[in-house]
Amino acid sequence: MEKITVKFPDGSSSTFSKNTTLFQIVKSIDDDSGKDYIAGKVNEKLVDMSFPLLEDANLEFITPDSEMGLDIIRHSASHVMAQAVKKLYKGVKITIGPTIDNGFYYDFDYEENFSPQDIAGIESKMQEIIDQNIPITRRELPREEAIEIFKNQVETYKVELLEEISDEFVSVYIQDDFMDLCRGPHLPSTGKIKAFRLTSLAGAYWRGDEKNKMLQRIYGTAFSDTKTLEDYLQRLEDAKRRDHRKLGKSLDLFSIHEDAGAGLVIYHPKGAMLRSILEDFEKKEHLKRGYQLVRGPHLLKLDLWEKSGHFENYRENMYFTEIEGQKYGIKPMNCLAHMLVYKSRIRSYRELPQRYFELGTVHRHEKSGVLHGLLRVREFTQDDAHILCTPDQLEQEIKGVIDFIEDVMKIFKFEYEMELSTRPEKSIGDDSVWEKATSILRQVMDKNRIPYIIKEGEGAFYGPKIDVKLKDALDRKWQCATIQCDFVLPERFDLTFINSNGTKERPVMLHRVILGAMERFIGVLIEHYGGAFPTWLAPVQAIVLTVTDRNMGFAEEVYNQLIGSLLRIEKDFRNEKLGLKIREAQLQKIPYMLIIGDREVNDGVISARVRSGEKLKSMKINEFISLVQEESQNRG
RNA sequence: GCCCAUGUAGCUCAGUUGGCAGAGCACGUCCUUGGUAAGGACGAGGUCAGCAGUUCGAUCCUGCUCAUGGGCUCCA
């Protein structure tokens with residue numbers, strides 16, 4: 001019989017007869033690791049355990065607890081879920097069921113809507129299928145034959161998918177009477193699923209297109225064992241405690257009122273303070289980098305929005321009003337006024353680039369279903385700037401903005417991902433101009449070796465963009481910083497500058513934000529710090545606590561001296577026990593608690609307790625003031 | 001906007017298969033003056049999201065509206 005040589009990751013190798021499967025190899029080799037193998041990687045290609053080796057190969061086995069192993073488990077779990085749903089609900093059609101970060105889902109088309117009660121039933125049916133330990137087998141067959149089979153099963157979505165595949169042969173996976181179109185690999189049998197949970201129910205459009213039918217999506221997750229599943233669910237619970245909506249309430253930062261309107265944020269004193277700190281920070285950082293402050297109105301005449309293309313391309317997101325027969329649009333962006341600043345007189349190339357900065361409040365009509373705490377609102381303030389520069393300056397200006405973003409993200413210790421978005425369907429301007437703008441963005445990213453992913457067709461209507469995405473407590477991504485390269489609006493508004501030859505030339509405009517929107521950034525920031533802001537950001541930096549009523553006089557002096565030094569201080573002189581006051585200050589996540597008892601009054605000092613629980617040695621008030629000021633300066 | 005769920009005191013949540021609405025925390029008064037995460041007693045607090053309908057009677061059943069949560073689509 002023909003022999004083949006198999007090499008293992010540890011460098012060893014063995015010979016087997018041709019057609020030996022991975023199963024047989026595992027059995028034959030003396031493996032005392034006690035590990036369960038669920039799939040393999042043959043020459044870097046993932047395969048099932050039943051895969052027969054036909055030639056010499058490098059072979060690696062996949063364990064259930066590895067990243068790839070988990071992916072396979074989850075994929076098989078989604079098949080088991082689909083099988084369970086088909087068994088329970090006659091006439092249900094299956095569509096697609098991929099794995100996602102931390103889990104999987106499957107989309108179903110069924111006349112009646114699933115309810116949360118159905119989920120329990122589906123879970124127990126899945127458990128039955130798992131307990132039966134049904135073998136999962138792969139079959140390759142001609143595409144036409146697969147189409148026939150799925151047609152007979154009235155799985156019209158599968159037929160639709162198959163009709164778009166150009167391959168002559170396709171693979172399907174079969175467990176019992178259930179068959180699904182799938183590349184694989186899969187677990188050898190359903191019993192290998194040791195821990196799973198269905199997590200939620202949602203609607204989802206077929207192929208993600210809102211023109212298509214809405215399907216029913218069931219989300220789930222699976223792990224290699226019960227312990228890791230429970231750890232994961234626990235981590236989710238913990239993350240929910242960092243939710244900015246929860247902390248916004250308990251730390252008394254902001255509220256959103258049904259009476260006032262959805263998506264409209266009302267800042268309470270501490271939230272307003274936090275925002276003000278960020279705004280001061282922003283102004284300084286922009287002035288340091290050669291930006292100038294400008295300011296535009298909230299209403300601009302409709303004609304101007306028509307000229308810019310906003311009316312045509314952005315109308316459904318805008319609010320309109322009418323004053324004395326004149327139509328106005330409420331600004332959803334700040335660029336128009338900034339262009340009018342530029343256009344207010346003739347510009348020379350000598351004064352470019354012009355960098356106009358504004359904490360610009362905008363209103364956008366976001367669809368009701370997308371509103372989300374501070375992260376998606378209808379009125380928000382952007383740290384917006386428009387840079388008007390010569391085409392020659394464009395690259396260095398883009399680089400300048402990227403550096404700015406990196407500097408700021410480092411200060412907050414944010415990790416982020418970058419994306420480059422290209423021309424969308426609904427847009428203005430010539431292809432050549434879009435091509436130019438897109439390639440320069442790409443060029444700057446590549447030149448500076450900044451990793452990014454490309455999002456086709458997701459640019460702004462006037463130009464391509466680079467976005468920075470930050471994650472919330474539940475790892476959902478939110479766009480914050482963005483840089484948008486625009487050759488189109490300068491053209492539409494006939495912006496010019498006089499070049500060194502004395503002739504008129506067209507400037508380029510960069511639209512950019514660094515934090516993005518104050519609301520969204522604050523939302524992400526709250527979750528990032530879990531509400532325990534560093535001293536420089538904390539709306540309340542310290543709280544003065546008395547031990548008994550006797551100490552109030554000196555405590556009041558301390559308090560006054562501290563607020564006099566512009567520290568952000570609260571006081572709690574209530575007739576309560578110290579332990580209670582400390583507990584409440586701790587729950588409010590205040591960085592320092594200053595305790596004033598008889599000892600402190602006698603010595604004219606304060607005793608500070610840090611949020612961490614650490615007790616500092618007693619110090620004079622001035623020492624404490626310097627300590628906080630220094631810490632704030634270092635952004636600690 | 002679409003799918004599913006939810007909406008009870010300031011907050012977190014019980015509850016009534018249709019018959020006067022409950023707890024803890026917070027709040028107020030009093031007692032207590034206590035040294036690093038919850039001292040005690042008493043008290044006040046509700047159009048059970050809103051509007052309509054069914055019913056002798058609706059917080060509960062039905063419909064619509066608004067809002068919130070998880071997704072989809074869309075965006076900072």
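Given the structure is predicted, the values throughout are model-derived calculations rather than measurements. In what follows, chains are A, B, ... by sequence order, proteins preceding strands, each numbered from 1.
At a cut-off of 3.5 angstrom, counting only N and O atoms as typed in the model, there is no donor on one side facing an acceptor on the other between the side-chain of A:Arg207 and the base of B:rC72. If you check distances only, the side chain of A:Tyr205 does reach the base of B:rG1 with a donor-acceptor pair under 3.5 Å. Looking at A:Glu600, its side chain comes within 3.5 Å of the base of B:rG35 through a donor and an acceptor atom. On a pure distance criterion of 3.5 Å, no polar donor-acceptor pair joins the side chain of A:Arg364 and the base of B:rC74.
B:rA76 has its base stacked against the ring of A:Phe380, the centroids being under 5.5 angstrom apart at an interplanar angle below 30°.
Rounded to whole angstrom, the span from the CZ atom of A:Arg376 across to the C1' atom of B:rG69 amounts to 16 Å. The CD-P distance, from A:Glu366 to B:rA76, rounds to 9 Å in whole Å. Atom P of nucleotide B:rG71 and atom CD of A:Gln216 are separated by 17 Å, given to the nearest angstrom. Distance CG (A:Asn551) to P (B:rG35): 11 Å, rounded to an integer number of Å. As a whole-Å value, the separation of A:Glu379 CD from B:rA76 P is 17 Å. Atom-to-atom, OH of A:Tyr314 to P of B:rC74 comes out at 14 Å; the value is rounded to the nearest Å. One can place CG of A:Leu375 at 15 Å from C1' of B:rU68, the figure rounded to the nearest angstrom. What separates CG of A:Asp243 from P of B:rU68 is a distance of 14 Å, to the nearest Å.
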Taking distance alone, no hydrogens or angles, what donor-acceptor pairs closer than 3.5 Å link side-chain atoms of residues 111-118 of chain A to residues at least two apart or in another chain?
{"unit_1": "A:Ser115", "atom_1": "OG", "unit_2": "A:Gln117", "atom_2": "N", "d": "3.3"}
{"unit_1": "A:Ser115", "atom_1": "OG", "unit_2": "A:Gln117", "atom_2": "OE1", "d": "3.0"}
{"unit_1": "A:Ser115", "atom_1": "OG", "unit_2": "A:Asp118", "atom_2": "OD2", "d": "3.4"}
{"unit_1": "A:Asp118", "atom_1": "OD1", "unit_2": "A:Tyr89", "atom_2": "OH", "d": "2.8"}
{"unit_1": "A:Asp118", "atom_1": "OD2", "unit_2": "A:Ser115", "atom_2": "N", "d": "2.6"}

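B:rG57 and B:rC20 have their C1' atoms separated by 12 Å, with the value rounded to a whole Å. With P as the reference atom, B:rU62 and B:rU54 are 16 Å apart, rounded to whole Å. The separation of B:rG70 from B:rC60, taken at their P atoms, amounts to 27 Å, rounded to a whole angstrom. Look at the C1' atom in both B:rU29 and B:rA21: the space between them is 25 Å, to the nearest Å. B:rA14 and B:rU8 are spaced 10 Å apart, taking the C1' atom of each and rounding to whole Å. Nucleotides B:rA44 and B:rC4 are separated by 45 Å at their P atoms, to the nearest Å. Taking atom P in both B:rC72 and B:rG15, one finds a spacing of 32 Å when rounded to whole Å.
Of the two residues contacting RNA chain B, namely A:Gly516 and A:Ile256, the nearest-nucleotide position lying further toward the 5' end is that of A:Ile256.
Partner assigned to B:rG28 is B:rC42, using Watson-Crick or G-U wobble distances below 3.5 angstrom. With both pairing distances under 3.5 Å, B:rC66 is matched to B:rG7 as a Watson-Crick or G-U wobble pair. Across all strands shown, the partner of B:rC13 is B:rG22, judged by Watson-Crick or G-U wobble contacts whose two distances both fall under 3.5 Å. Nucleotide B:rU54: unpaired (no Watson-Crick or G-U wobble partner with both distances less than 3.5 Å).
With A:Glu316 as the partner, the salt bridge (Lys or Arg N to Asp or Glu O under 4.0 Å) test is satisfied by one option alone out of A:Arg364, A:Lys367, A:Lys426: A:Lys426.
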Determine, stepwise, if the pair A:Trp206 / A:Asp107 fulfils side chain to side chain donor-acceptor pair (under 3.5 Å). CA-CA 8 Å; A:Trp206 168 236; A:Asp107 286 348; over 6 Å; no
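Against RNA chain B, the stretch residues 261-277 of chain A makes heavy-atom approaches under 4.0 Å through A:Ala262.
Take A:Glu123 and apply the side chain to side chain donor-acceptor pair (under 3.5 Å) test, not counting sequence neighbours, and it matches no residue. A:Arg241 is linked by a side chain to side chain contact (heavy atoms under 4.5 Å, CB included) to A:Gln234, A:Asp238, counting only residues two or more places apart in sequence or in another chain. Applying the side chain to side chain donor-acceptor pair (under 3.5 Å) rule to A:Arg207 yields the partners A:Glu164; only residues at least two apart in sequence or on another chain are considered. Applying the salt bridge (Lys or Arg N to Asp or Glu O under 4.0 Å) rule to A:Arg275 yields the partners A:Glu279, A:Glu519; only residues at least two apart in sequence or on another chain are considered.
Aromatic rings of A:Tyr356 and A:Tyr291 (six-membered ring for Trp) have centroids beyond the 6.0 Å cut-off, not under it.
Between A:Tyr232 and A:Phe223, the ring planes are tilted. Angles from 30° to 60° get that label.
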